[in-house]
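Below is one structure, written out as structure tokens; the observations come after it.
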Amino acid sequence: ILEGGIAPQATVMSWRGTAGGIVAAQQGHDVVMTPGSHVYFDHLQGPPATEPLGIGGYTPLEKVYSYEPVPAALTATQARHILGAQANMWTEYVTTPQHVEYMVYPRALALSEVLWSPAGARDWNSFTGRLPSVLRALDVLRVNYRIPDVAGLEEDHVTMGDSAVVVLRAPALGTVRYALDGSIPNATSGIYAGALTLKLSDRPTAVTARLEAPDGRFGAPRTATWRRASWLDAQRRDTIGLTAGLSYTYAEGRADSVAAVGTLAIVRNGTVPTVQLLGDERAERFAVTLEGWIQVPADALYEFSLTSDDGSALWVDGQKGVDNDGYHGPDAKQGAVALRTGLHRLKIVMFQGGGAKTLSLGWRRQGESMFVPVPGTALFQSH
């Protein structure tokens, strides 16, 4: 509506991100914020293998609660044009009322508190502490809500140590069952009663847990792995014969996964100065592959944060460091690789399936507080 010339009294719904809502409010239009990143309740709430059939995406309960509907870019006067936010429950893949309820609750509870509370009054720990009593009320109403996940298994971990301590958390709604042998926990599995201490090797140790409600229902299983890092030696020491940037291969067609990118027809090749899109890619259904070298300044365990829309993955010296595959909105996934000083081969593959498009990479040494963009000065390509 902004692109086509907007009527003076029109109200704008901002669903392709928040940028449209910001522009509309700055122009004096009322706005309903409804970005796909946080309030599309047709998006999945966990890994596809553990959820009912859905359109894709990933919007867990905590992400909904983290949403701030009033963009910081607006002045106080402009912010008054933000009327509120709206959740969307599209049903291409949802065929029963029970499935609708599963997708909506308890995410609707999180969004309600976000929209009906000032920012300073919102607290995730308080919300999860109060959640069980509300869910018990939904039990009385026979609402088919999704049982909350066990927290503490959101990402895989790599460490230089020989052991790790795993702390799990869940609303006081039932019993946390866990397994360390790769199986899905059931009613006979171990009961989590305190922190778990794992002995680590260079092979991943998987921890799987899910919440068992008092009526015997189970939540979806969540799994994370812990492993001891193995050093990757530098592939070369100097940049002689290399040039700045990464090679860029652009392909078009439909890919539903990173693995499928190799089947697409290559349209052109080029160079990018850092991990990014060139900006001239077509609107829908394309893929890019970036390859070259990354220069590591010191021996350390490096953590990478790969952001993309849709799926992507990163490899260092042939070892997968980050897996951000699948259809989803702008989302960051992390991974870690122990690297020796020098140059290491870097490969990033990303596909775009629809909607928005983005690609970026941050890094930090383990122990540092913030990810920073990987600078162009650390990236090289062969002639």
Side-chain angles (χ1 to χ4, degrees), residues 41-54 56-66 93-94 96 98-110 124-125 127-140 142-157 164-198 200 204-227 323 325-326 328 331 333-334:
F41 287 1
D42 55 336
H43 288 182
L44 300 180
Q45 302 175 75
T50 67
E51 294 295 317
L53 180 66
Y58 177 53
T59 308
L61 182 66
E62 187 169 5
K63 188 171 185 179
V64 175
Y65 195 85
S66 72
Y93 296 88
V94 180
T96 67
Q98 292 75 26
H99 191 177
V100 171
E101 291 176 351
Y102 178 92
M103 302 299 280
V104 170
Y105 292 100
R107 289 191 286 193
L109 304 175
W124 170 249
N125 292 328
F127 173 76
T128 55
R130 289 178 280 110
L131 188 59
S133 63
V134 184
L135 296 182
R136 284 190 284 271
L138 293 181
D139 284 331
V140 174
R142 297 183 180 179
V143 172
N144 184 39
Y145 61 85
R146 183 182 188 273
I147 295 173
D149 290 323
V150 173
L153 301 172
E154 292 75 24
E155 60 186 42
D156 296 334
H157 299 263
V165 176
V166 180
V167 177
L168 305 178
R169 304 175 304 280
L173 187 68
T175 302
V176 174
R177 300 278 185 174
Y178 75 94
L180 303 178
D181 60 359
S183 64
I184 302 299
N186 55 36
T188 64
S189 299
I191 297 175
Y192 178 79
L196 306 173
T197 300
L198 307 179
L200 303 182
T205 297
V207 179
T208 304
R210 58 178 175 165
L211 190 59
E212 181 185 16
D215 63 3
R217 289 182 301 152
F218 276 93
R222 296 290 293 269
T223 300
T225 61
W226 277 257
R227 68 175 175 85
D323 188 346
D325 208 352
H328 53 76
D331 192 27
K333 287 292 179 65
Q334 286 80 45

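In this text the structure is predicted, and so the values were computed from the model without any measurement. In what follows, every heavy atom counts, from backbone to side chain, and hydrogens, waters and symmetry copies are set aside.
Annotation: side chain of Leu109 is not in contact with side chain of Tyr65 (no heavy-atom distance under 4.5 Å). When side chains are defined from C-beta on, Pro106 counts as touching Leu131, because their heavy atoms get closer than 4.5 Å. Residues Ser183 and Thr208 have side chains not in contact (no heavy-atom distance under 4.5 Å, counting atoms from C-beta outward). Residues Asp42 and Val94 have side chains not in contact (no heavy-atom distance under 4.5 Å, counting atoms from C-beta outward). Thr175 places none of its side-chain heavy atoms less than 4.5 Å from the side chain of Leu211. Between Arg210 and Ile184 the shortest side-chain heavy-atom distance falls below 4.5 Å. Within the 4.5 Å cutoff, the side chain of Leu173 has heavy atoms near those of the Pro148 side chain. With a 4.5 Å cut-off on side-chain heavy atoms, Asp149 and Leu61 do not count as touching.
Ring orientation note: the planes of His157 and Trp226 are close to parallel, at an angle under 30° on the 30°/60° scale.
Separation of atoms NE2 (His328) and NZ (Lys333) is listed at 6.5 Å; rounding is to 0.5 Å. Between Gln334 atom CD and Asp156 atom CG the span is 11.0 Å, to the nearest 0.5 Å. Note: Leu180 CG to Leu196 CG = 6.5 Å, rounded to the nearest 0.5 Å. Rounding to the nearest 0.5 Å places OH of Tyr93 at 12.0 Å from NE2 of His99. Considering CZ of Phe41 and CG of Leu44, their distance stands at 13.5 Å, rounded to 0.5 Å.
Both tests pass for Arg217 against the ring of Tyr145: distance under 6.0 Å to the centre and angle within 45° of the axis.
Here the closest heavy-atom approach between residue Pro171 and residue Pro132 is recorded as CB-CG, 3.9 Å. When all heavy atoms of Thr188 and Asn186 are compared, the closest pair comes out as OG1-OD1, 2.7 Å. When every heavy atom of Phe218 is checked against every heavy atom of Pro185, the shortest pair comes out as CE2-O, 4.3 Å. Of all non-hydrogen atoms in Tyr58 and Arg222, the two that sit nearest each other are OH-NH2, 3.5 Å. Summarising the geometry of Gly46 relative to Thr50, their closest heavy-atom pair is C-OG1, 4.2 Å, with the distance given to 0.1 Å.
A side-chain donor from one of Glu51 and Tyr102 sits under 3.5 Å from a side-chain acceptor of the other.
A side-chain contact (heavy atoms from CB on, under 4.5 Å) with Val166 is found for exactly one of Thr205, Thr197, Leu198, namely Leu198.
A donor-acceptor pair under 3.5 Å links the side-chain atoms of Glu154 to the main chain of Gly152, judged by distance alone. A donor-acceptor pair is defined here as one N or O able to donate and one able to accept, closer than 3.5 Å; no such pair exists between the side chain of Arg107 and the backbone of Gln45. Using modelled atom types, one side-chain atom of Arg177 and one backbone atom of Ala187 make a donor-acceptor pair closer than 3.5 Å.
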Give the intermediate values and the outcome of side chain to side chain contact (heavy atoms under 4.5 Å, CB included) for residues Val176 and Ile191. CA-CA 6 Å; Val176 174; Ile191 297 175; over 6 Å; no
